[in-house]
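As structure tokens, the structure follows; a few thoughts come after it.
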Amino acid sequence: MGTIFLTYGSTEGQTAKIADFIADLLRGHGHDVTMTDVKEAADPVLDGYDAVMVGASIHMGKHDKHIVDFVRKNHDVLDRKPSAFFSVSLAAHGDTAEAEGYVEQFEQETGWRPGKVALFGGALLYTHYGFVKRHMMKKIAGDKPGNLGTDVSRDYVYTEWDGVRRFAEHFTADLDSADS
Ligand SMILES: Cc1cc2nc3c(=O)[nH]c(=O)nc-3n(C[C@H](O)[C@H](O)[C@H](O)COP(=O)(O)O)c2cc1C
């Protein structure tokens, strides 16, 4: 049982949903989880936590900039603790090489090598986007590999929740074994 700091950067809410799902699972394993939207976390003190997990979505080929700033500021502490990073994108659904490239770029930019990394498919939330974003995303979805949906009258969610569950379970199993 330990204390875990979980922070995420999300624009349309899918990464926040994944973070929520992970936090519930970790709590179910008896951990004390502090979860925050990175935009609302004013310089959190990570020293007091046993482990840290960070999640960020991709927009225009880049991870959430608030998460990049957070990790840059804290990578010394992150390097000393069990840590994990999950990256949420459409590329993770059908273009793994591109999704891995985003993470490599993130690691170079921030100087942080997370203990565990996961790539999760994100969502196409056409019914929530404004006019311009809806049409831009339809075009991108049509051009990208992965057979992404282009019917703008509905949303598509590509997150594989079993994979999210497995990632969170591996994370907690490692913490439990480090504890015993
Ligand atoms: C404007 C916009 C740009 C995006 N750019 C990319 C991209 O470059 N590569 C990619 O794989 N996914 C891209 N996506 C897909 C997002 O990563 C996906 O929708 C994800 O679920 C967003 O997570 P969030 O809701 O937590 O912000 C983009 C989505 C939007 C709306």
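Whatever order the structure lists ligands and atoms in, that order sets their numbers, starting from 1.
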Do any nitrogen or oxygen atoms of [X] lie less than 3.5 angstrom from nitrogen or oxygen atoms of ligand 1?
X	answer
A91	yes
L124	no
K133	no
G122	no
E98	no
A16	no

Inset, instruction - Mark the output for Y102 as yes if a heavy-atom distance to ligand 1 is under 4.0 Å, and as no if none is. - result: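 Right, Y102 reaches ligand 1.
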
Legend entry - Any side-chain donor near an acceptor of the partner, S57 and H63, under 3.5 Å: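 Their side chains do not contain a donor-acceptor pair, so the 3.5 Å distance test is not met.
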
Legend entry - Residues Q14 and T159: side-chain donor-acceptor under 3.5 angstrom: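 Distance-only check passes for Q14 and T159.
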
Inset, instruction - State the atoms of ligand 1, each with its element, that fall below the 4.0 Å cut-off from a heavy-atom position in M136. - result: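 Answer, ordered by atom number: 1 (C).
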
Inset, instruction - Provide the number and element of each atom of ligand 1 under 4.0 Å from a heavy atom of G13. - result: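 The atoms of ligand 1 under 4.0 Å from a heavy atom of G13 are 24 (P), 25 (O), 26 (O).
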
Using a 6.0 Å cut-off, check whether atom [atom1] of [X] has over 12 heavy atoms from anything other than its own residue.
X	atom1	answer
H135	NE2	yes
K81	NZ	yes
N147	CG	no

Inset, instruction - Distance to 0.1 Å, residue and atom name: give those for the protein heavy atom nearest to atom 18 (C) of ligand 1. - result: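 So the nearest neighbour among protein heavy atoms is A123 O, 3.5 Å.
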
Inset, instruction - Would you mind checking which non-hydrogen protein atom is closest to atom 14 (N) of ligand 1, with the distance to 0.1 Å? - result: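 Closest protein heavy atom to atom 14 (N) of ligand 1: I58 O, 3.4 Å.
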
Legend entry - Atom pair CH2 (W112) and CG (N74), whose distance is rounded to the nearest 0.5 Å: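 Going from CH2 on W112 over to CG on N74, the span is 10.0 Å.
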
Inset, instruction - Only counting residues at least two apart or in another chain, list the ones meeting side chain to side chain contact (heavy atoms under 4.5 Å, CB included) with Y49. - result: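 Expected list: T3, F5, T34.
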
Legend entry - R72 to F70, cation-pi by 6.0 Å centre distance and 45° axis angle: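 Cation-pi check for R72 and F70: fails.
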
Inset, instruction - Pick, from T15, T159, L90, the option with the minimum heavy-atom distance to atom 15 (C) of ligand 1. - result: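 Among T15, T159, L90, the closest heavy atom to atom 15 (C) of ligand 1 comes from L90.
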
Legend entry - Selected option - heavy-atom contact closest to atom 30 (C) of ligand 1, from H59, R134, K144: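 Considering heavy atoms of H59, R134, K144, the nearest to atom 30 (C) of ligand 1 sits in H59.
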
Legend entry - Residue pairs passing the ring-ring contact (aromatic ring centres under 6.0 Å, His included) test where at least one lies in residues 15-46, sequence neighbours excluded: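 Listed by first then second residue: F21-W161.
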
